[in-house]
2 protein chains.
Amino acid sequence: MLTISSLDATDIAILKLLQIDASLTHKEISFQLRKSVATVHERTRRLKEQGYIKAVVAILDRKKIDRSLIAFSQVLLNDHSAETLGSFEREVSKYPEVMECFQMTGAFDFILRIATSDMDAYHDFYRHKLAILPYIKTVESFFVLSQTKSDTAYPL
Amino acid sequence: MLTISSLDATDIAILKLLQIDASLTHKEISFQLRKSVATVHERTRRLKEQGYIKAVVAILDRKKIDRSLIAFSQVLLNDHSAETLGSFEREVSKYPEVMECFQMTGAFDFILRIATSDMDAYHDFYRHKLAILPYIKTVESFFVLSQTKSDTAYPL
DNA sequence: ATTGAAATGTAGGAAAC
DNA sequence: GTTTCCTACATTTCAAT
C-alpha cells in the first residue's frame with residue numbers, strides 16, 4: 001500500500017473516487033467515507049489548492065467527435081542542443097492534432113500522440129505541419145488499431 | 001471548422017468548455033454562451049446520455065502521487081491469433097501499472113503506457129509482470145524525460 | 001482538523017411558448 | 001428546442017469542539 005507524504009487515508013480515498021468520477025457530490029463521498037460533508041469539502045479544497053488535483057475534465061468519446069485515428073509518432077532530431085529541443089517542443093505543441101509530447105530516452109527524441117479524423121487528415125498533418133519543422137532527422141509513425149485499456153486514474 | 005453529425009454550435013461550445021473544466025456550473029456556461037441555464041442543462045444531459053461525454057474525472061499531478069516515471073513499452077508477440085492477442089490484452093490490462101494498452105499497426109503489436117514510482121518499480125513490473133506473460137517475443141521500453149504537452153481535450 | 005447547522009447557490013423537473 | 005418558474009439538493013460558510 002502506498003503512502004504519500006502529507007496525504008492521509010481520507011485524502012487518498014477522496015482522490016481515488018474523484019479520479020474515477022469527479023461528478024460525485026460531497027454528500028455521496030462523505031457517505032462512502034463516513035465523514036461529514038464539511039470535512040470532504042475542506043479536504044477537496046486543500047487537494048486542489050495544493051495541486052494534487054490539477055483539473056476536473058470531461059472525457060469525450062473520440063470516435064463520436066471525429067477523432068477516430070490515433071497515431072504515435074517517434075521523432076529523431078539531428079541536433080540536440082537545448083535550443084533545438086526547446087524550439088521543437090514549442091512548435092509541435094502549438095498544433096491541435098498533438099495531444100501529448102514526450103521527450104524520451106533511447107533511440108529517438110520525442111513521442112507525439114496525434115489525434116486526427118482519419119488517415120487523410122494524419123497525412124496532411126504529417127506533410128504540412130510535422131515534416132516541415134527544422135532539425136527533423138526521422139519520423140516513424142504507428143497507428144492505433146484498437147485501444148484496450150484507457151485509464152486516466154493512477155492507482156493509489 | 002469541424003462539424004459533427006447531430007451536434008450544433010451550442011453542443012460543441014459546451015463540450016469545448018467541459019473538456020477544459022468540467023467543474024464549471026451550468027450558470028457559468030450559460031453566461032459564456034449567452035443561453036439560458038435550462039438550455040445548458042438539457043444539452044449536457046443529452047451529451048451524457050448519448051455518450052459524447054464518457055466520464056468526468058479529476059486529473060492528478062502524477063509527480064505528487066509517486067508516479068514520477070512514465071514508460072512506453074513496445075511489445076511484439078510471436079503469435080498473432082485472435083486468442084493470443086486477446087489474452088495478452090486481458091492479462092496486461094489487469095496490471096495497475098498499465099495506464100493504457102494500444103494494439104498497433106507496424107513493427108510491433110502493442111504499445112503500453114506504464115506509470116510507476118521510479119526505475120526500480122518499473123524493473124519489478126517488467127521482470128515479474130510483463131516479461132512472464134506468454135507469447136512475448138520482444139519488449140522495447142522508452143522512458144519519458146519530460147512531458148511538454150499533456151492534453152485530454154480534443155480540438156473541436 | 002472535524003462537526004452540525006444555517007445561508008446561499010445550483011441542479012433538475014414541469015409546464016408554456 | 002427554448003424559456004420561466006419552482007422545488008429539492010448541493011455547496012459553502014461559520015461558530016464550536
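Values below: all heavy atoms of this structure, side chains included; hydrogens, waters and symmetry mates excluded. All chains are named by letter (A, B, ...) in the order of the sequence lines, taking the proteins before the strands, and each is independently numbered beginning at 1.
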Would you say that more than 12 heavy atoms from the other residues, nucleotides or ligands in this model lie under 6.0 Å from the OH of Tyr135(B), or not?
no
Is the centre of the Phe142(B) ring less than 6.0 Å from the centre of the Phe102(A) ring?
no
Taking Lys35(B) for the side chain and Ile29(B) for the main chain, is one N or O donor matched with an acceptor at less than 3.5 Å?
no
Anything under 4.0 Å to a heavy atom of chain A counts; send over the first and last such nucleotide of DNA chain C, read 5' to 3'.
dA1(C) to dG4(C)
What does Arg45(A) touch in the nucleic acid at a heavy-atom separation under 4.0 angstrom: a base, only the sugar-phosphate, or nothing?
nothing
Under 3.5 Å donor-acceptor, Arg67(B) side chain and Ala115(B) backbone:
yes
Hey, could you give me the CZ/CZ distance between Phe72(A) and Arg113(B), rounded to the nearest 0.5 Å?
7.0 Å
Does anything in residues 24-37 of chain B reach DNA chain D, meaning a heavy atom under 4.0 Å, and if so which residues?
Ser36(B)
Here the salt bridge (Lys or Arg N to Asp or Glu O under 4.0 Å) pairs for residues 140-156 of chain B, sequence neighbours left out, are none
For Asp109(B), run the side chain to side chain donor-acceptor pair (under 3.5 Å) check against Gln103(B), His80(B), Lys137(B) and tell me which one passes.
His80(B)
From the 5' end of DNA chain D to its 3' end, which nucleotides mark the outer limits of contact with chain B, defined by a 4.0 Å heavy-atom distance cut-off (strictly under)?
dG1(D) to dT4(D)
With sequence neighbours left out, write down each residue that passes ring pair (Phe, Tyr, Trp, His ring centres under 6.0 Å) with Phe125(B), or none if nothing qualifies.
Tyr95(B)
Report yes if the distance between the aromatic ring centroids of Phe110(A) and Phe88(A) is under 6.0 Å, otherwise no.
yes
Partners of Tyr126(A) by ring pair (Phe, Tyr, Trp, His ring centres under 6.0 Å), sequence neighbours excluded?
none
